[in-house]
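First the structure, in the form of structure tokens, and then the observations on it.
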Amino acid sequence: MQDYVTELLDATAKALPALRALGDESSASRPAPGRWSPREIIGHLIDSASHNHRRFVTARWSDDLVFDGYDQDAFVSAQHYDQAPWTDLLDLWASFNRHLARVMAATPADVRAAERRRHNLDQIAWRPVPASEPATLDYLMSDYVGHLRHHLAQIVGGPAGRA
């Protein structure tokens, strides 16, 4: 199993108790005007899981790593994560990430490691890859976990959030 699969499972399991402890009131509170609340951050992570799920699966049969992007703020706003029940968001987020870990682990090593010259990870990755350099699905999967940990650190800090 890839290290990032273990990291994803560990980060999800370690963060969940701290996230649940926030409760309804704290999870709805924005740290500053224009910043996302914990509910909205978890909503954003659900959106990220959804988009990356499709990317991870379809990359198996593609010679490139070119994927649609999305307007993160518009997605968070349109889905009213700020009004969603906290426990529902957490249950969906945790389940989706456990599923993504299974998808990652089930992807053949040669598919994950295949270099793709054509990609748009310079535009959609959390840590971009220059368009002039080849990229791998392995990198995108690892980048997904780094992104998740970054956002968890915004909410709970600690080991679950360390990249």
Item to complete: Any pair with a residue in residues 42-58 that passes salt bridge (Lys or Arg N to Asp or Glu O under 4.0 Å), sequence neighbours left out, goes on the list, sorted by first then second residue, please.
Response: none
Discussion item. Over 60° means perpendicular and under 30° means parallel, so tell me whether His147 and His44 are parallel, tilted or perpendicular.
Written reply: perpendicular
Discussion item. Applying side chain to side chain donor-acceptor pair (under 3.5 Å), can you list everything that pairs with Asp138, at least two apart in sequence or on another chain?
Written reply: Tyr4, Arg112
Worksheet, complete the sentence: Ser37 meets the side chain to side chain donor-acceptor pair (under 3.5 Å) criterion, sequence neighbours left out, with Glu40
I'd like to check the salt bridge (Lys or Arg N to Asp or Glu O under 4.0 Å) partners of [X]; sequence neighbours left out, ordered by chain and number.
X: Arg102; value: none
X: Asp110; value: none
X: Asp73; value: none

Identify, with sequence neighbours excluded, every residue that meets ring pair (Phe, Tyr, Trp, His ring centres under 6.0 Å) alongside [X].
X: His99; answer: His53
X: Trp86; answer: none
X: Tyr139; answer: none

Fill in: Minimum side-chain heavy-atom gap Leu19-Leu152 below 4.5 Å
yes
Worksheet item: Does Val111 reach the side chain of Trp61, with side-chain heavy atoms less than 4.5 Å apart?
Response: no
Worksheet item: Does the pair Arg127/Asp122 count as a salt bridge with the N-to-O cut at 4.0 Å?
Response: no
Worksheet item: If two hydrophobic side chains count as joined below 4.5 Å and joins carry through other members, does Phe96 share a cluster with Leu90?
Response: yes
Worksheet entry | Leu92-Leu16 co-clustered via ILVMFWY side chain contacts under 4.5 Å | yes
Worksheet entry | Ring-ring centroid check Tyr144 His51, cutoff 6.0 Å | no
With [X], which residues qualify under side chain to side chain contact (heavy atoms under 4.5 Å, CB included), at least two apart?
X: Arg117; answer: Pro134
X: Asp91; answer: Arg20
X: Pro17; answer: none

